[in-house]
Amino acid sequence: MPDRTHTPRPHHHDDVDDCAEALRAALAANGISLPSLGIDLPAFAGSYTLPLIALGNCNTATARRLAAALHKAAGQ
């Protein structure tokens with residue numbers, strides 16, 4: 001039977017904060033706001049090896065702007 005013990009890696013709070021803010025700024029530069037964007041706090045309580053960023057909910061207009069910005073960045 002494989003060993004299923006897991007030693008979680010330390011979470012880098014500053015890094016995940018910086019990453020969330022960088023994403024918020026990049027979205028804002030494209031006229032997109034995700035008010036619920038933030039750090040997924042339950043991830044810190046779990047055995048995840050990396051902290052997660054919660055993108056949150058958005059309405060269809062915001063989803064369309066986000067999709068258009070991603071398509072533009074991908075050259076489509």
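By convention here, the first residue in the shown sequence is residue 1.
The two residues C58 and L34 have their closest heavy-atom pair at CB-CD2, 3.5 Å. Closest heavy-atom contact between T62 and S33: CG2-O, 3.8 Å. The two residues I53 and C19 make their nearest non-hydrogen contact at CD1-SG, 3.5 Å.
With a 4.5 Å cut-off on side-chain heavy atoms, L52 and V16 do not count as touching. Here the side chains of S36 and L55 are not in contact, with every heavy-atom distance at 4.5 Å or above.
Between the CG atom in L23 and the CD1 atom in I32 there is a gap of 9.5 Å [rounded to 0.5 Å]. Note that CG of L66 is 12.5 Å distant from OG1 of T60, once rounded to the nearest 0.5 Å.
Within a 6.0 Å sphere centred on CG of N57, heavy atoms belonging to other residues, nucleotides or ligands number 12 at most.
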